[in-house]
Amino acid sequence: MKNQYKIALMAAGLLAVTSCAKHDPIGDKMEIGVEVPTCYWSVGSTACKAGENFTFTGKYYTATDRVPDHSEIWYSVTKAESAAATVKLAGTALSYTKTVALSDTVRKSQMISSFAHSEDLWNGYEYEVTGSVPTSATLGPVSWQAITEWDQENFEKYYPEGFDTEFKAEVIGYLTADSTYYNSLRTVYVNYAFTNDQFAAINAKYGLSFPTDIPNDPNDPGAAIEKKGDLWYATTEASDDKITGYYYKTVDGNGNTVIIELGMDPGVTQDEDGNYWKGEQRCYPVYDSCPWVFCRYDDDAGSIVRAVRANWMEGFKELLTVISFPEWIYDSTTSSYTVVFTRDYSLDVQFKVYDRDPKDSASPSRVGVAYDTRTITLN
């Protein structure tokens, strides 16, 4: 048989690198330039049920002046977690999902199984060992999603601390930053069961005028939704009898557009083309709406546009904080909460072969490590 050798070589530039591995086969078992066993291998499958064994086939040979001693399977354990939640209370206009992911080595690489060498393993070309390696049943995958009853204990066990607080802050930030999510804010206001006392408290604090006569009959929640739907209104088609005032736009020193409302200013006139003016200033109509909506004709858009007035946003922001995290993520169409948590484990597996000097039993073993690290997913 023609002998082949695997020589452990290091470039001079690598001599300055310090290894932090606890078990360094090169540093612990051999010197630079010595011959080590040549080995390669394969696994029966890249997936294995947690608690069961996976199989492998390893092949190896050594230098003519060495004899194989034994082979080993080593592996580390990696945990991958993903936690997500999607807002549902705000309707389809706001599509927001918060996701966090973590991947971490939870068990460092260690020897799991050892296989004694035997001349019976010779296949005519090299030694060939087959075996099975155990895994832990505690490393099975975990899934928590599409739950129909809220479980705070599981949420705290699976999700990182502060996830719910950050989620609420981000959703409320979207809804109250400006009128980008006007329809979503309206959906929350209309469909969530805010109490009249909560409205009254916001009114007193911010000098607002939220209605405080919303029906609060738990046996007829639809009555409150219908009433609040009627109370949040805005003109949808341009009509002279719906005009409640006028406005014009100007630009401040920083280049920002500023809207100036005039109310029903008698100084506003209309020309023969239907355009509104106050002196040389072009004006546009403001239309009838609920107190917190600025409903106006926008010349750039060429239509009526609606926005929540800026001086109401702080009141809305505080009002929204009373909504709990589970209420934000409850999907009424599926009667479930939109949490999606998964945890999976995988093994990074190595095959190692040790040899020895047949003339000196006290000589240190040399170790060869198969080039390929196999990853096995536990299911």
Side-chain angles (χ1 to χ4, degrees), residues 50 77-106 138-195 198-199 201-202 218 221-222 224-225 228-229 232 308 312-346 377-379:
V77 179
T78 299
K79 177 176 69 174
E81 291 184 340
S82 176
T86 301
V87 64
K88 287 296 181 180
L89 183 61
T92 58
L94 175 59
S95 178
Y96 171 71
T97 298
K98 181 176 176 62
T99 303
V100 294
L102 168 70
S103 181
D104 188 29
T105 299
V106 293
T138 63
L139 301 180
V142 175
S143 177
W144 188 61
Q145 55 186 304
I147 58 171
T148 56
E149 292 186 12
W150 184 249
D151 188 329
Q152 184 65 24
E153 183 177 347
N154 271 349
F155 175 76
E156 293 176 0
K157 179 170 63 174
Y158 295 140
Y159 279 66
E161 184 178 357
F163 181 96
D164 49 350
T165 302
E166 292 177 4
F167 181 95
K168 285 183 56 176
E170 289 161 2
V171 170
I172 293 172
Y174 281 125
L175 294 176
T176 59
D178 51 42
S179 286
T180 301
Y181 296 104
Y182 170 89
N183 290 330
S184 290
L185 184 57
R186 183 183 187 279
T187 297
V188 175
Y189 170 84
V190 171
N191 289 282
Y192 187 76
F194 296 109
T195 68
Q198 288 167 341
F199 286 131
I202 297 298
I225 291 174
K228 287 193 289 184
W232 187 312
V308 176
W312 284 73
M313 281 303 196
E314 284 302 313
F316 270 111
K317 186 179 296 186
E318 185 163 330
L319 189 64
L320 296 178
T321 61
V322 306
I323 303 174
S324 69
F325 170 72
E327 291 171 317
W328 280 112
I329 65 171
Y330 182 72
D331 187 347
S332 60
T333 61
T334 61
S335 300
S336 63
Y337 297 88
T338 63
V339 288
V340 179
F341 172 84
T342 58
R343 176 187 295 150
D344 296 286
Y345 294 93
S346 60
T377 301
L378 299 179
N379 53 35

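Because only heavy atoms are used, hydrogens play no part in the values below, and waters and symmetry mates are left out as well, while side chains stay in.
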So how far is it from S346 OG to N379 CG, rounded to the nearest 0.5 Å?
12.0 Å
Scan F194, Y192, W232, Y181 and name whichever one has a ring pair (Phe, Tyr, Trp, His ring centres under 6.0 Å) with F316.
W232
Non-hydrogen side-chain atoms of I329 and V87 separated by less than 4.5 Å:
no
Do the side chains of T97 and T99 get nearer than 4.5 Å, heavy atoms only?
yes
So do T176 and L320 actually touch side chain to side chain, heavy atoms under 4.5 Å?
yes
Using side-chain heavy atoms (C-beta onward) and a distance below 4.5 Å, is M313 in contact with V308?
yes
Taking atom types as modelled, find out whether T338 and T86 have a side-chain donor-acceptor pair closer than 3.5 angstrom.
no
Donor-acceptor pair, S103 side chain versus A80 backbone, under 3.5 Å?
no
Quick check: do S82 and V100 have side-chain heavy atoms less than 4.5 Å from each other?
no
Are E327 and S324 linked by a side-chain donor-acceptor pair shorter than 3.5 Å?
yes
CG/L378 to OG1/T138 distance, rounded to the nearest 0.5 angstrom?
9.5 Å
For K317 and I172, work out which heavy atoms get closest and say how close.
CG-CG2, 3.7 Å
On a heavy-atom basis, which atom in L139 and which in A50 lie closest, and how many Å separate them?
C-CB, 3.7 Å
Between Y330 and K88, is there a cation-pi geometry (under 6.0 Å to ring centre, at most 45° from the normal)?
no
Validation row: T148, S335 side chains within 4.5 angstrom (heavy atoms):
no
Y345 and V106: which non-hydrogen atoms are nearest, and at how many Å?
CE2-CG2, 4.3 Å
Can you confirm whether more than 12 heavy atoms, excluding those of Q152, are under 6.0 Å from its CD atom?
yes
Rounded to the nearest 0.5 Å, what's the gap from OG1 on T180 to CG on N183? Could you check?
11.0 Å
Is the distance between the ring centroids of W312 and Y189 under 6.0 Å?
no
One pair to check against side chain to side chain contact (heavy atoms under 4.5 Å, CB included): V339 and W150. What are the steps and the verdict?
CA-CA 10 Å; V339 288; W150 184 249; 3.9 Å; yes
Which residue in the set F155, F325, W328, Y159 passes ring pair (Phe, Tyr, Trp, His ring centres under 6.0 Å) when paired with F167?
F325
Below 4.5 Å, heavy atoms only, C-beta onward: do T195 and V322 meet side chain to side chain?
no
Inspect the contact between K168 and E166 and indicate whether a charged nitrogen and a carboxylate oxygen are less than 4.0 angstrom apart.
no
Using 0.5 Å steps for rounding, measure from the CG atom of L102 to the CZ atom of R343.
9.5 Å
Any idea which heavy atoms bring A90 and S184 closest together, and the distance?
O-OG, 3.2 Å
So do L94 and V171 actually touch side chain to side chain, heavy atoms under 4.5 Å?
yes
Would you please classify the geometry between the Y158 ring and the F341 ring as parallel, tilted or perpendicular, with 30° and 60° separating the classes?
parallel
First locate atom CD of E314, then atom CD1 of I202, and finally report the distance between them rounded to the nearest 0.5 Å.
10.0 Å
How many angstroms lie between OH in Y182 and CG in L175, if you round to the nearest 0.5 Å?
13.5 Å
